[in-house]
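Please read the structure below before turning to the comments.
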Amino acid sequence: MKKIFYLLVFVYSLSIAQSKKIIEDPAANGYFVLNKVSVRVENNFIMGHDKGNHELFTNLSHRELYFSVFGEKINLKVTDFKGNIIGELYIDTLKTNKDLYRIENLEVQILKNNKIVKKWTSVQQSISYSENIVFDKKTYFEKGYLPYTDSLVNGDKLLILFRQKGKESFLKLHFEKKEGARKPFIIMSNSNDLNKTVSFENFIQESIDRLHKNRFLDKSNFYDAWPEDFAQTMAGRHFKGEKYCLVFRKPNGKKRTYDSFEYRNTVNAKTGEWTKSNGFIFLDLNESGAEYKLEIRYKDDPKYVAVYKFNTEPDWYQTLWFKIVIGMFFLLIFSVVYIIWMRRMTERKRLEQKSKIKMLYAQLNPHFVFNALGSIQGLLNDNQIEKANLYLAGFGSLLRNTLTSSENETQSVENEIKSINNYIELEQLRNPFSYRLIIDEKVNVHETQTLPLLMQPLIENAIKHGISNKEKAEITVTISKKADDLLFELADNGKGFDILAEQKGFGLKLVKERIELFNQSTKKMKIDMKIQSSSSGTHIIIRYKNWLKND
């Protein structure tokens, strides 16, 4: 196959619209070229809509084609193809089909509204014709046969079949007469040369003169029956400064008057008022980057409105890429400002947390000192002067360590162990009890950090309230590693306490507040405390979550 089958009727009709002869006579709308034979269907307007597949095919054999016709008169012509085809066509030049399409063997049958109006008849038995066709100022001579001519009303259906004599049909053409259009549509538009400076008033006058010259003012009835959805549009690229003269089809069977039409224009969502018109509308596109919408209707049929939307090219500062660049620039500025603000807020929050922790330390130290002095007083009252002196010396050393630790946010597990041991040694001077320290060998006590003195108030509570006055009292501190977590466990065999009851002492309360403040200041490293207590003793677990992740 040398060519693609296709149908495009509007190009031809529009291109010859200025010829007086073609305007007054029916237009040739469709050709079916069968090797060296052509079948032409004439009508004011034919719109094809093939219901078969849309793949490329090599011949018209057993092909069905469907069309809507809008004009009243329809002619079927068959002629020897001489190459002078005007308009667009379906074509088959496949050599193997040349015998199939010989005009002397070609028969035609026609059904109208499912009734046979022409039986299978040889094409050469039809009325013969000869005529001159004018196209592009050239005259073409055509001679052939006219198998069928008719006038159609809305709803009429035609089926035209072709076959080789005595065989099955190989081409079926379906036609249906449709109602003419009700919406006005553009049949002509022209724009002045952008390089030519002309006032809008002069452009209007030039356009009117050109329309008179081309006879559009009184011959646009050629388009009366064309469908409303088959029209030129204003689509495409338009520029600021372009001027357009738009000519719209006049109402069917009526003359143009100054108020035959009504139109309104919308520019960037600002809609104007409906304005009377004779169907010649002049547009001056004086804004760049603007969205235009032109609405037009016949005055006597206002419910059907034709709408044309188009845009003008934007200036450089109105383009999408410029808006994207500006948007990215402001986004970058916002991001920088936001990051700086977040860092300041984070730092401010960190300082506030640190200040609160120091306040807790400030409460912890007097609490610790008060309890220590109470222990010293008890030793003195028991006349244990030597132990009191030892306690006092150890207390001074422990107090210095406590004050030093409170200045740092964290300290090593090694230093925490020293503070725990010093404190327990002091308390053992007053109330002897068993103490065990268990350290998992997987824990690097020199490098691993922990909150300073977090265990001290808990140990103090265990000694003062848990194992006091108990025989064979025991306290066990276990430091271990579980996955990425560091665990501090404190166990005693004291009398226990109700963990749900409100605690009157400061120690446990201060520990909980320190843990809560720390958890607020970090997202990854958290601290969790769990307490189990009964009459047989208390078990406290402090879990430092994700503290050993990089070990």
Side-chain angles (χ1 to χ4, degrees), residues 8 10-11 14-15 17-18 183-214 216 220 228-249 261-298 302 304-341:
L8 183 60
F10 179 64
V11 174
L14 185 61
S15 66
Q18 297 183 20
K183 295 180 184 178
F185 63 76
I186 299 173
I187 58 174
M188 178 188 176
S189 68
N190 71 62
S191 174
N192 67 306
D193 187 350
L194 283 174
N195 296 321
K196 178 183 176 182
T197 303
V198 59
S199 67
F200 192 52
E201 291 76 12
N202 290 339
F203 168 73
I204 293 175
Q205 188 59 52
E206 290 177 4
S207 300
I208 292 175
D209 294 341
R210 190 179 298 111
L211 293 171
H212 276 287
K213 182 179 179 180
N214 294 335
F216 267 100
S220 63
E228 62 188 37
D229 57 349
F230 202 97
Q232 293 187 53
T233 68
M234 289 290 290
R237 299 177 66 188
H238 300 275
F239 298 90
K240 178 182 178 181
E242 285 186 335
K243 301 173 178 62
Y244 279 90
C245 171
L246 308 179
V247 182
F248 288 84
R249 176 187 55 193
F261 299 78
E262 292 180 331
Y263 76 94
R264 66 181 178 183
N265 201 16
T266 301
V267 183
N268 291 334
K270 295 181 180 179
T271 303
E273 300 293 332
W274 285 103
T275 304
K276 295 178 181 179
S277 171
N278 60 358
F280 301 95
I281 298 176
F282 299 91
L283 294 180
D284 186 6
L285 309 185
N286 52 17
E287 291 190 39
S288 45
E291 295 182 357
Y292 287 84
K293 182 175 74 172
L294 176 66
E295 299 171 275
I296 185 166
R297 65 191 182 190
Y298 296 119
Y304 297 102
V305 180
V307 179
Y308 298 87
K309 296 181 180 180
F310 53 97
N311 302 320
T312 52
E313 286 288 304
D315 290 325
W316 64 270
Y317 56 85
Q318 296 174 315
T319 56
L320 178 61
W321 66 263
F322 179 77
K323 294 178 181 178
I324 291 175
V325 170
I326 292 297
M328 293 179 65
F329 174 76
F330 280 106
L331 180 61
L332 178 62
I333 295 298
F334 173 80
S335 299
V336 171
V337 173
Y338 179 76
I339 290 172
I340 294 174
W341 178 78

Mind checking whether Tyr292 and Phe310 have parallel, tilted or perpendicular rings, split at 30° and 60°? parallel
Return the [atom1] to [atom2] distance between [X] and [Y], rounded to the nearest 0.5 Å.
X      : Y      : atom1 : atom2 : value
Thr312 : Asn268 : OG1   : CG    : 7.5 Å
Glu287 : Asn311 : CD    : CG    : 12.0 Å
Lys240 : Asp315 : NZ    : CG    : 6.0 Å
Leu246 : Phe185 : CG    : CZ    : 13.5 Å
Phe282 : Ser277 : CZ    : OG    : 9.0 Å
Leu294 : Lys309 : CG    : NZ    : 12.0 Å

Tyr304: partners by ring pair (Phe, Tyr, Trp, His ring centres under 6.0 Å), with sequence neighbours left out: none
What are the two closest heavy atoms between Ser199 and Lys243, and how far apart are they? C-CE, 4.2 Å
Shortest non-hydrogen contact from Glu313 to Ser288? O-CB, 3.4 Å
Which residue pairs satisfy the side chain to side chain donor-acceptor pair (under 3.5 Å) criterion with at least one member in residues 321-340, sequence neighbours excluded? Thr319-Trp321
Regarding His238 and Tyr244, do their side chains bring together a donor and an acceptor under 3.5 Å, going by distance alone? yes
Could you check whether any side-chain N or O of Arg264 sits under 3.5 Å from a backbone N or O of Lys293, counting only pairs where one atom can act as donor and the other as acceptor? no
Is there a donor-acceptor pair under 3.5 Å between the side chain of Thr275 and the backbone N or O of Glu273? yes
Is there a side-chain contact between Tyr308 and Ile296 (heavy atoms, below 4.5 Å)? yes
Ring pair (Phe, Tyr, Trp, His ring centres under 6.0 Å) assessment of Tyr298 paired with Phe261: CA-CA 5 Å; Tyr298 296 119; Phe261 299 78; 5.3 Å; yes
